[in-house]
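Beneath this line is the structure, given in structure tokens, with notes to follow.
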Amino acid sequence: CAFLKKLKRNGDSALNICTWSVWEEERYPEGIKWKFLEHKGPVFAPPYEPLPENVKFYYDGKVMKLSTKAEEVATFFAKMLDHEYTTKEIFRKNFFKDWRKEMTSEEKSTITNLSKCDFTHMSQYFKAQTEARKQMSKEEKQKIKEENERLLKEYGYCVMDNHKERIANFKIEPPGLFRGRGNHPKMGMLKRRIMPEDIIINCSKDSKIPPPPPGHKWKEVRHDNKVTWLVSWTENIQGSIKYIMLNPSSRIKGEKDWQKYETARRLKKCVDKIRNQYREDWKSKEMKVRQRAVALYFIDKLALRAGNEKEEGETADTVGCCSLRVEHIKLHPELDGQEYVVEFDFLGKDSIRYYNKVPVEKRVFKNLQLFMENKQPEDDLFDRLNTSILNKHLQDLMEGLTAKVFRTYNASITLQQQLKELTNPDDNIPAKILSYNRANRAVAILCNHQRAPPKTFEKSMMNLQSKIDAKKEQLADARRELKSAKADAKVRRDEKSKKTVESKKKAVQRIEEQLMKLEVQATDREENKQIALGTSKLNYLDPRISVAWCKKWGIPIEKIYNKTQREKFAWAIDMAEEDYEF
DNA sequence: GTGCCGACTTAGCAAACACATG
DNA sequence: CATGTGTTTGCTAAGTCGGCAC
């Protein structure tokens, strides 16, 4: 459809005109995700293989032979022995409770104290296994690789409408011990083995329905074309549903991704109005409206998440904007020469700490003081607000607007601005890429995408530094050689020595360039110590901005996106020209 | 409104892999 | 060719948000 393709090229939203994809030949009515879906079902975790006889478990110093079920769960713990969390009280308590459920009554009556359990022999056995796997011959490794490829080929793809699509996670999660992030009350609980009887298959009626493993039945086979998943089951820790879905490279995911950025671009058009509106609302007579307006200001300015309520005791204690509590902020009328500073300190998604001191407008500050009046530290800051109220309001301001759109919008617009600001036309490619990474980094910092500093960070920095030192020496040598060659040429005045000068010059230049590249690399790495760029790149930055930037400055797209990322963003690579504006 | 569920996106970490280096 | 290092991929937990029942 040439018309739609042109719309796409111009970056205009075809979505405003129709809700189906320009990639798809056929149109879908509202809510319909596909017409035909065929797949081979999931791959189950390999069955438990009992330990060899010579691997012993000891209870209270004495050898004890465990039943297969109890042994399996014991191996989960043994495999984690080196990990810090097996020392944690909650982890141990949860594990022991669930382990006991798997024991025979005899085992249950004997094994009453986890501290008397000795898993070290089992642990050593697994370590030896890991080691042996590493030492495998090339042929053996090749064989495993081929087996994996076979599995991928057989189960890793499906047919959705007229396309063969890659499946994201076709393997069922194996049983093990649950480890939540942060201080999770359920850490150590047994994540049970998923059986075909737990599995719901979703595919089209007229497709070849995947057969369950011999001797088993599916829980259900359904034909729901209003959803995108192929397989689902209910997980036993939180009771939530898990899905098998398509890879980000698929039409259905790509289209959704595109749509997400188009919504963010629509926000761009009305964000000024919305900002004026919430600034007005700071003065509202209604408490609810004021809270809503201050929360929205945080979401917009600081890219905070919406912050749904969570069930207490079921998950780690983390918050987002609407669920902030009084204890998470401190108000400083004056701090380090700045007025009206709010100090945030709370755990967000994945228990990542958000710590920030932000000067805010006086009205916001005064409102916060008001919201905190007569409250305990553990009380909600925005007691008249939740995500549902906020999102309903946002919906009124713009169709399709929700709290998370602000994160997408601010991330993408920041990238675009930073790229404009930081890219120096005279820079060479590595320096331009450094600029790109810095722009990316600005976004990651905004979104608080942190990572644990790599374990080998210091060492790797030192290695890089010594490389730089070596290169500097090499450069000094090359310069000396050039100098003497020049002197030589002056005396001799023949062609050969002139040529030598030229080649020495080139050598110096080459080394200078290499040195610069290394120094750029060092800067980049140092600045990136605790920052994770991947998440924003993958989820928040309109890929068309990056594609356009690459085109504009002649940077090969491979320098910015690796293979997987290029597959995910194929739609954008295909679509964006160098003049694309977010 | 509130609580709950279902579907989907977003997230950091660890294992696997690829590639450079000695 | 082994080894070490940086990059990529896999894994799955943890969010968002809409819809439904009460």
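Nothing here was measured: the structure is a model prediction, and the numbers come from that model. Numbered from 1 within each chain, the chains take letters A, B, ... in sequence-line order. Every heavy atom of this structure was used, including side-chain atoms; hydrogens, water molecules and symmetry mates were not.
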Base, sugar-phosphate alone, or nothing: which one does [X] contact when heavy atoms must sit under 4.0 Å apart?
{"X": "A:E235", "answer": "nothing"}
{"X": "A:T228", "answer": "sugar-phosphate"}
{"X": "A:Y243", "answer": "base"}
{"X": "A:P248", "answer": "nothing"}
{"X": "A:R384", "answer": "nothing"}
{"X": "A:I352", "answer": "sugar-phosphate"}

[X]/[Y] ion pair, N-O < 4.0 Å:
{"X": "A:R166", "Y": "A:E567", "result": "no"}
{"X": "A:E146", "Y": "A:K153", "result": "no"}
{"X": "A:R325", "Y": "A:E327", "result": "yes"}
{"X": "A:D542", "Y": "A:K268", "result": "no"}
{"X": "A:R251", "Y": "A:E165", "result": "no"}

Is there a side-chain contact between A:L302 and A:N448, using heavy atoms and a 4.5 Å cut-off?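 Contact flag for A:L302/A:N448 side chains = no.
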For each nucleotide in nucleotides 15-22 of chain C, reading 5' to 3', give B when a protein heavy atom comes within less than 4.0 Å of its base, S when such contact involves only the sugar-phosphate, and - otherwise. SBBS----
For atom [atom1] of [X] and atom [atom2] of [N], their distance in whole Å:
{"X": "A:Y85", "N": "B:dA14", "atom1": "OH", "atom2": "P", "result": "8 Å"}
{"X": "A:W34", "N": "B:dA7", "atom1": "CH2", "atom2": "P", "result": "13 Å"}
{"X": "A:K537", "N": "C:dT7", "atom1": "NZ", "atom2": "P", "result": "11 Å"}
{"X": "A:D224", "N": "B:dG6", "atom1": "CG", "atom2": "P", "result": "12 Å"}
{"X": "A:L533", "N": "B:dT10", "atom1": "CG", "atom2": "C1'", "result": "16 Å"}
{"X": "A:I144", "N": "B:dC17", "atom1": "CD1", "atom2": "C1'", "result": "14 Å"}
{"X": "A:H83", "N": "B:dA14", "atom1": "NE2", "atom2": "C1'", "result": "9 Å"}
{"X": "A:K79", "N": "C:dC11", "atom1": "NZ", "atom2": "P", "result": "15 Å"}

Any idea which of [options] is nearest the [X] side chain?
{"X": "A:E173", "options": "B:dG12, C:dA13, C:dG10", "value": "C:dA13"}
{"X": "A:K260", "options": "B:dC8, B:dT10, C:dT12", "value": "B:dT10"}
{"X": "A:H449", "options": "B:dT9, B:dA7, B:dG12", "value": "B:dG12"}
{"X": "A:F178", "options": "B:dA14, C:dA13, B:dG12", "value": "C:dA13"}

Might you work through the side chain to side chain contact (heavy atoms under 4.5 Å, CB included) test for A:E399 and A:R266, ending with a clear yes or no? CA-CA 9 Å; A:E399 195 191 328; A:R266 282 195 287 121; 4.2 Å; yes
Return yes if some donor-acceptor pair links the side-chain N/O of A:N225 with the main-chain N/O of A:S204 below 3.5 Å, else return no.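 Side chain of A:N225 to backbone of A:S204: no pair is present.
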Take atom CD in A:E147; do more than 12 heavy atoms of anything else shown fall under 6.0 Å from it?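 Check passes, neighbour count above 12.
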Kindly say if [X] contacts the phosphate of [N], meaning a side-chain N or O under 4.0 Å from OP1 or OP2.
{"X": "A:R407", "N": "B:dA11", "answer": "yes"}
{"X": "A:S240", "N": "C:dA13", "answer": "no"}
{"X": "A:K145", "N": "B:dC17", "answer": "no"}
{"X": "A:K242", "N": "B:dA7", "answer": "no"}

Taking for each residue the nucleotide of DNA chain B bearing the nearest heavy atom, is the 5' side occupied by A:N386 or by A:A532?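 Here A:N386 is the residue nearer the 5' end.
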Of A:I389 and A:Y540, whose closest DNA chain B nucleotide lies nearer the 5' terminus?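 On the 5' side of the pair lies A:I389.
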How do A:Q238 and A:K171 order along DNA chain C: which one's closest nucleotide is nearer the 5' end?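 Of the two residues, A:K171 wins.
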